[in-house]
Protein chains: 2
Amino acid sequence: MSTPLSIKIDRSSPIPLYHQVAQGIEGAIRDGSLASGTRLENEIELAQRLRLSRPTIRKAMDDLVQSGLLVRKRGVGTQVVSSQIRRHLELSSLNDDLERAGKKPSTSLLSFEHIPAPTEIQELLSLPKDVSVYHFTRLRSASGSPLALMENWVRDDIVELDEKSLQAHGLYELLREAGVNFRLAQQRIGATTADDIQAKALDTAAGSALVTMQRTAVDDTGRNVETGAHVYRADAYSFEMTLVQR
Amino acid sequence: MSTPLSIKIDRSSPIPLYHQVAQGIEGAIRDGSLASGTRLENEIELAQRLRLSRPTIRKAMDDLVQSGLLVRKRGVGTQVVSSQIRRHLELSSLNDDLERAGKKPSTSLLSFEHIPAPTEIQELLSLPKDVSVYHFTRLRSASGSPLALMENWVRDDIVELDEKSLQAHGLYELLREAGVNFRLAQQRIGATTADDIQAKALDTAAGSALVTMQRTAVDDTGRNVETGAHVYRADAYSFEMTLVQR
DNA sequence: TTTGTCCAATTGTCCTGACAAAAAATCTGT
DNA sequence: ACAGATTTTTTGTCAGGACAATTGGACAAA
């Protein structure tokens with residue numbers, strides 16, 4: 001049942017060929033021209049048709065298998081699994097998420113200080129002794145209603161932060177602009193009930209459910225750049241993800 | 001700074017060479033002989049020393065980069081990021097998790113029925129009209145104290161379930177034994193507060209915080225095998241994961 | 001009808017080789 | 001001593017080929 005699948009390859013483009021292929025296939029899946037369950041052309045045929053080598057095709061498919069869009073089976077072929085995969089829970093900020101979702105995020109800075117790292121934070125960030133941290137709390141709202149209360153610590157030897165920029169921009173945005181390339185993050189999601197202070201800030205009742213999230217983010221040089229503890233109104237936010245068996 | 005790194009390769013083993021390499025490196029990282037931040041031998045040298053080709057080495061390293069153990073940088077080399085990565089939030093059951101953690105999970109079956117699928121479930125599982133489902137709720141305890149309340153729906157055309165086997169075994173265990181190969185799952189994590197029934201079952205106070213999780217699992221043939229809604233005592237459970245930037 | 005065997009299709013693994021691109025280290029001219 | 005250019009090191013991308021392993025179907029035998 002091999003579907004034709006027309007993909008344009010631009011050999012003069014700086015973006016790698018395998019990635020062009022992956023994008024092409026992903027696009028076809030997302031816009032519905034490759035329905036869930038469809039079997040793809042086999043690798044060799046596709047390679048010949050696009051005038052690419054089989055390893056290149058395989059690399060493209062590998063990536064899509066990783067992200068859960070395709071399933072391969074030896075002796076059988078490659079199938080589209082689902083067209084409704086939410087992209088793997090990414091290393092993104094709440095700000096990014098909201099903007100993508102078309103909401104209008106706004107932030108108010110509740111506190112800001114530049115202090116020597118408390119021992120707990122020093123350990124979490126594996127800080128050298130002479131490095132201090134920025135410590136601040138922010139309230140993030142979407143379309144006017146409060147959504148999250150965020151407390152963060154950021155080491156001060158990477159970027160200079162001040163009240164003004166934090167009001168206007170997302171933290172991850174600022175860090176990326178400063179040349180930080182995030183590589184991975186350790187994250188823990190749980191639940192709690194709102195205490196009086198949290199309830200007031202989030203405009204909800206004391207005792208209402210909150211989603212908690214702690215995260216420590218690492219950049220490409222291995223430094224722990226940032227750690228934070230966030231709470232979200234449970235009625236307004238939840239974490240979605242797609243798990244892929246490897 | 002290339003560390004020697006001794007890895008044994010067994011060419012007669014059925015396990016792929018690249019995987020042997022990956023296991024070797026991962027082992028060295030986890031047992032501390034490759035400390036965080038260490039730079040590895042470069043690919044070509046390692047390939048020559050192990051008498052393997054560079055693509056094989058690269059494939060091994062790719063996998064480790066994916067799981068967040070290594071970071072590569074063109075012109076620089078490959079570094080160990082962290083030795084304390086929790087393996088990527090896996091497609092595992094609570095039962096598996098607890099057994100790995102050395103707890104003694106026990107399950108009590110609170111209800112069990114074999115019914116035509118409600119339309120909502122029928123949609124979630126993309127069921128054909130003639131397929132019914134098993135619907136059951138279980139209470140999972142660890143080391144004696146109640147931990148999670150789990151409600152599940154399983155299509156009935158894959159495996160035959162009954163009360164006895166669900167008492168004795170984990171759901172995923174049963175499904176895997178029936179030949180189901182899970183490939184991916186869509187998951188949503190949030191929070192809520194305990195109502196009277198939940199509180200009683202979980203031996204906690206009404207209004208206390210609970211972590212909620214909904215999951216739909218897909219097997220390698222693209223079938224949605226199972227969907228469920230679980231709640232966990234927030235003081236006893238949270239979700240940990242490592243996010244990797246790709 | 002059932003069981004077993006073989007064959008074709010397809011992905012999985014592994015190899016060799018080549019050049020490109022980025023980063024770091026080194027050299028050179030001032 | 002410094003700035004800029006050059007070289008070296010290292011990973012990234014791509015090609016082509018070979019054989020192995022698994023699956024599913026067709027066919028033959030019981």
Side-chain angles (χ1 to χ4, degrees), chain A residues 1-3 7 9-23 25 38-66 70-81 179 181 183 219-222 245-246, chain B residues 1-3 7 9-23 25 38-66 70-81 179 181 183 219-222 245-246:
Chain A
M1 293 301 94
S2 54
T3 329
I7 296 176
I9 299 298
D10 175 6
R11 295 198 90 102
S12 67
S13 157
I15 107 170
L17 299 177
Y18 70 84
H19 201 245
Q20 294 185 36
V21 175
Q23 283 180 332
I25 298 176
T38 317
R39 232 184 76 218
L40 260 60
E41 276 176 275
N42 74 61
E43 300 171 350
I44 299 177
E45 198 178 306
L46 187 58
Q48 286 176 348
R49 207 159 57 72
L50 300 182
R51 319 237 178 223
L52 294 171
S53 72
R54 189 177 159 216
T56 302
I57 301 293
R58 271 187 75 75
K59 171 88 168 121
M61 289 188 170
D62 274 344
D63 290 355
L64 296 175
V65 169
Q66 283 297 324
L70 297 180
V71 164
R72 285 191 291 202
K73 243 172 152 181
R74 189 183 280 191
V76 180
T78 305
Q79 276 187 317
V80 178
V81 179
N181 295 308
R183 265 312 132 83
D219 77 356
D220 59 358
T221 66
Q245 183 79 336
R246 315 210 307 151
Chain B
M1 295 300 95
S2 54
T3 329
I7 296 177
I9 300 297
D10 175 7
R11 294 197 92 103
S12 67
S13 158
I15 108 172
L17 299 178
Y18 71 84
H19 200 245
Q20 294 184 36
V21 176
Q23 283 179 331
I25 298 176
T38 317
R39 231 184 76 220
L40 260 60
E41 278 175 273
N42 74 59
E43 299 172 349
I44 298 176
E45 200 178 304
L46 187 58
Q48 285 176 347
R49 207 158 57 71
L50 300 181
R51 320 237 175 220
L52 295 171
S53 72
R54 190 178 158 215
T56 302
I57 301 293
R58 272 188 75 77
K59 169 86 167 123
M61 289 187 169
D62 275 344
D63 289 355
L64 296 175
V65 169
Q66 283 296 325
L70 297 180
V71 164
R72 285 191 291 201
K73 243 171 150 182
R74 190 183 279 191
V76 181
T78 305
Q79 278 187 315
V80 178
V81 180
N181 295 307
R183 266 309 132 85
D219 77 355
D220 59 359
T221 64
Q245 183 78 338
R246 316 207 310 154

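What you see below is based on every heavy atom in this structure, not just the backbone, and it leaves out hydrogens, waters and symmetry mates. The sequence lines fix the lettering, A, B, ..., with proteins before strands; numbering per chain opens at 1.
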Hits for side chain to side chain contact (heavy atoms under 4.5 Å, CB included) against R11(A), two or more places apart or cross-chain, chain-then-number order -> I9(A), L17(A), L52(A)
With sequence neighbours left out, the residues meeting side chain to side chain contact (heavy atoms under 4.5 Å, CB included) with A22(A) are A60(A), L64(A)
With sequence neighbours left out, the residues meeting side-chain hydrogen bond (donor to acceptor under 3.5 Å, both in side chains) with T56(A) are S53(A)
By side-chain hydrogen bond (donor to acceptor under 3.5 Å, both in side chains), R74(A) pairs with (sequence neighbours left out) none
Taking only nitrogen or oxygen atoms into account, show me every contact under 3.5 Å that the protein makes with nucleotides 3-6 of chain C, one pair per line with its distance.
none

Q.
Counting C-beta onward and ignoring hydrogens, is there a side-chain heavy-atom pair between D219(A) and N181(A) closer than 4.5 Å?
A. no
*Does the side chain of R58(A) reach to within under 4.5 Å of the side chain of R72(A), using non-hydrogen atoms?*
yes
Rounded to whole Å, the CG-P distance (N181(A) to dA22(C)) equals 13 Å
Rounding to 0.5 Å, atoms CG (D63(B)) and CD1 (I25(B)) come to a distance of 10.0 Å
CD of Q20(A) to CD1 of I15(A), rounded to nearest 0.5 Å, is 5.0 Å
A correct 5'-to-3' footprint of nucleotides 10-17 of chain D, with B, S and - meaning base, sugar-phosphate only and no protein heavy atom under 4.0 Å, is BBBBSBB-
